[in-house]
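All values below were derived from every heavy atom in this structure, side-chain atoms included, with hydrogens, water molecules and symmetry-related copies excluded. Order of the sequence lines sets the chain letters (A, B, ...), proteins ahead of strands, with each chain counted from 1.
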2 protein chains.
Amino acid sequence: MANIKEIARMAGVSVTTVSRVLNNHPYVSKDKRAAVLDTIEQLNYTRNMNAVHLITGRTGAVAVILPYISAFYFSIIMNGIAREALLSQCRLILCQSNYSVEEEIKVLEMLRNKEIDGVVIVSTALKPEIIEEYTAYGPVVTCQDSGQRRYSSVYIEHYAAFRQGLQYLTDKGCRTIGYCEGRQNGSSAVIRQTAYRDFIAEHKLAFQEEWMIYDCITEEDGAAVAQSLLEMPERPEAMIITGDHVAAGLIIEARRAGLSIPGDLAVMGFDNQPIGRLLEITTIDNHLYEMGAAAFRIIHEQISSGSAEPTYRKLDYRIIERSTI
Amino acid sequence: MANIKEIARMAGVSVTTVSRVLNNHPYVSKDKRAAVLDTIEQLNYTRNMNAVHLITGRTGAVAVILPYISAFYFSIIMNGIAREALLSQCRLILCQSNYSVEEEIKVLEMLRNKEIDGVVIVSTALKPEIIEEYTAYGPVVTCQDSGQRRYSSVYIEHYAAFRQGLQYLTDKGCRTIGYCEGRQNGSSAVIRQTAYRDFIAEHKLAFQEEWMIYDCITEEDGAAVAQSLLEMPERPEAMIITGDHVAAGLIIEARRAGLSIPGDLAVMGFDNQPIGRLLEITTIDNHLYEMGAAAFRIIHEQISSGSAEPTYRKLDYRIIERSTI
DNA sequence: GCTTGCTATGGAATCCATTTCATAAAATAC
DNA sequence: GTATTTTATGAAATGGATTCCATAGCAAGC
């Protein structure tokens, strides 16, 4: 109800002075400042932030696009983002897209509409060209490598990381290796698939189509994989699985069925998720938390500096040796 | 750059007409509508939503306060909220509070500032009186029972649910029951503790202080509980554990140590989380997804109707019998 | 032929804070 | 004692939409 004009009238000053008090501007006398603060208190006044956003052209909010909030992979990244956002007093708007292009574009439109100051895209169904179109309206950073685009990115070298996993398995003597992936058409999935096929070919390893299994997202998907492994006429000696949660499901189910791990089957996980530590799964740590944190730091830096210069940050990875191989 | 005035000038109409086109108002002739749409296209125009928010006094955004995004308990509720938000074209602003009162109040201040239209509080460090103060500025709904307050709530009868779990265990013959809880001072934790003590007293069950274990949040906390159980001079026959994830950690670790479950130790979980299905944990399903969905539906209804009348919705629960008891 | 109702349009007020510009007094410089 | 800088204050412009109110043409009602 009360607005700045009302406060000014009641405190016997101009709206400019009220605004100065509100924004801690130095050039206000002690008396007037006190009078204004008093009136504000009395009328239980707060600014209408929409007016502030309109006039300043900023909102102090950053949107995050991610397919699913609760998937472990994303929630680790999200934690990194949230931590940094907290530190820089920035509001986060979370958009769960379910990989819907339409939903993701809606978020980019918010940037164009000036509802938000920037966008962090954790994973996306959008083509890089579409994202690029929106860089005119504000900073965007993705958590995927899309080459040298007009927007920033923080990324993992999935190809190299996956090969390193395979190398580790062959070093340990595994000659037949199966592979569990999440969404078949995810951009990182495509890269890993190439890494897998290349490695198999280069090392002349035996290979069967049924050893490549897709759509493994949850623990239960992992358990289902264990079942299908048991039914295979020829089972691989090792499985490399993108996501420790899925690996956990596979391991629990395989052990229940009497398989010894790593004796009968070696398992390499991915992403160093908490459950992996519990089950002592050997895994590749992709530093997902750091990925989220870095993404937010970049977007925040770009928002506050007003710079449109994109940054490309490559993260490293490392194998954590535990006891499933 | 371009604004509605510019569009009006170029299209040769008034700003009112442009606004009508923008808002699909019927009283605009075909020609003018076409001319306006044409100019909009040409100038690549979009509304500045901050101006819209200012004049309409609405933003179409709802904030969600929750302590941790990634904790399973919360992320299930969050999924329910997100699904409903998507359906009603509402933006969600996620605020991870880490149980910080200051952070939570910041969100309520956003309601006062008119940055958001409503708040869903999933779990809170705030006293009900503080929340009540803010109901003057817009609808608030909590996912906790705080009695008949001036804000809505969706809640589970923790007391009854917990007792039912205990009853189930005693029906199955357990005479000594331990108890794992998350945050000791959480409002639901306090209720469950009372339920536990009451039940023990009423049924004259043996009891030891060390059977009540707090701060069990993750799988690894559960694993640690398994270790401490092993070291107890007198170990309870059953454990009731708030959260299947924690129960999973306990079960995995206990089995690794050679304990048979349910033979040597019966385990009852909570919340029917995915991992529980995999490990066949007997659990109490609290319908958390539905809780989130209901909370959002209530807030949305209150926003669109402008009603301040609080709603109180009690959710039911049910035991899912599997094989850890 | 006069009243009523619908369609179409625009002017101006409104939402509420920030910021530029202008002005003047007080303090400091030289 | 004049010139310059610093402090203090307010009027008015600005950001960009929505909406109330007024006006007017035209069709329908009786």
Side-chain angles (χ1 to χ4, degrees), chain A residues 1-37 39-40 43-61 109-117 137-138 306, chain B residues 1-37 39-40 43-61 109-117 137-138 306:
Chain A
M1 187 97 279
N3 58 21
I4 199 172
K5 222 164 156 183
E6 184 86 358
I7 302 293
R9 207 176 45 76
M10 287 199 53
V13 298
S14 72
V15 292
T16 314
T17 301
V18 179
S19 178
R20 288 203 182 95
V21 173
L22 253 22
N23 295 287
N24 290 316
H25 191 281
Y27 292 167
V28 179
S29 67
K30 248 187 174 173
D31 308 2
K32 303 223 167 181
R33 168 163 276 127
V36 169
L37 288 173
T39 319
I40 285 175
L43 266 65
N44 187 29
Y45 165 82
T46 25
R47 283 186 277 207
N48 181 325
M49 290 308 284
N50 295 132
V52 178
H53 296 161
L54 173 60
I55 193 97
T56 59
R58 295 273 211 91
T59 62
E109 282 292 328
M110 285 173 62
L111 189 61
R112 189 158 164 240
N113 287 337
K114 304 200 187 296
E115 288 185 272
I116 50 177
D117 294 344
Y137 308 114
Chain B
M1 188 96 279
N3 58 21
I4 199 173
K5 224 164 155 181
E6 184 87 358
I7 302 293
R9 207 176 45 76
M10 286 199 54
V13 298
S14 72
V15 291
T16 313
T17 300
V18 178
S19 177
R20 288 204 181 94
V21 172
L22 253 22
N23 294 288
N24 291 314
H25 190 282
Y27 291 169
V28 180
S29 67
K30 248 186 175 174
D31 308 2
K32 303 223 167 179
R33 168 163 275 127
V36 169
L37 289 173
T39 317
I40 286 175
L43 266 65
N44 186 30
Y45 165 82
T46 25
R47 282 188 278 207
N48 182 324
M49 290 308 284
N50 295 132
V52 177
H53 296 160
L54 174 60
I55 192 100
T56 59
R58 295 274 213 90
T59 61
E109 282 293 328
M110 285 172 62
L111 188 61
R112 191 159 162 239
N113 289 336
K114 303 202 187 296
E115 289 185 270
I116 51 178
D117 295 343
Y137 309 114

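In this structure, the nucleotide among C:dT9, D:dG16, D:dT18 sitting nearest to the side chain of B:Thr17 is C:dT9. Closest to the side chain of A:Tyr27, out of D:dA17, D:dA11, D:dT6, is D:dT6. Listed nucleotides: C:dT9, D:dA8, C:dT18. Nearest to the side chain of A:Ser29: D:dA8. For A:Asn3, taking side-chain heavy atoms from C-beta onward, the closest of the listed nucleotides C:dC16, C:dT18, D:dT18 is C:dC16. Between C:dT9, C:dC15, D:dT9, one nucleotide has an atom nearer to the side chain of A:Arg20 than all others, and that is D:dT9.
What you find for A:Glu6 and A:Leu43 is that their closest heavy atoms are CG-CD2, 3.7 Å. Closest approach of B:Leu54 and A:Leu54 over heavy atoms only: CD2-CD2, 3.7 Å.
The nearest whole Å value for the distance from the CZ atom in A:Arg58 to the P atom in D:dG15 is 17 Å. Rounded to whole Å, the distance from CD1 on B:Ile4 to P on C:dA12 is 17 Å. Whole-Å rounding puts the B:Arg9 CZ to C:dG10 C1' distance at 17 Å. In this structure, CG of B:Leu54 is placed 9 Å from P of C:dC15, rounded to the nearest angstrom. Look at CG on A:Leu43: it is 12 Å from P on C:dA17, rounded to the nearest Å. Per the geometry, CG belonging to B:Asn113 stands 13 Å off P belonging to C:dC16, to the nearest Å.
Counting heavy atoms from C-beta on, the side chains of B:Arg47 and B:Asn23 come closer than 4.5 Å. B:Arg33 is not listed as a side-chain neighbour of B:Val36, based on a closest heavy-atom distance of 4.5 Å or more.
Toward the 5′ end of DNA chain C lies the nearest nucleotide of B:Val13, the other residue of the pair B:Val13 and A:Ala51 mapping further downstream.
B:Lys32 comes within 4.0 angstrom of sugar-phosphate atoms only, judged by non-hydrogen atoms across all strands, and of no base. Nucleic acid contact class of B:Thr16 (heavy atoms, under 4.0 Å, all strands): base. Within the nucleic acid shown, A:Asn23 comes within 4.0 Å of sugar-phosphate atoms alone, with no base atom in reach, counting heavy atoms only. B:Ser19 comes within 4.0 angstrom of a base, heavy atoms only. Counting non-hydrogen atoms under 4.0 angstrom, A:Val28 reaches the backbone sugars and phosphates but no base.
Between A:Glu115 atom CD and A:Met110 atom CE the span is 4.5 Å, to the nearest 0.5 Å.
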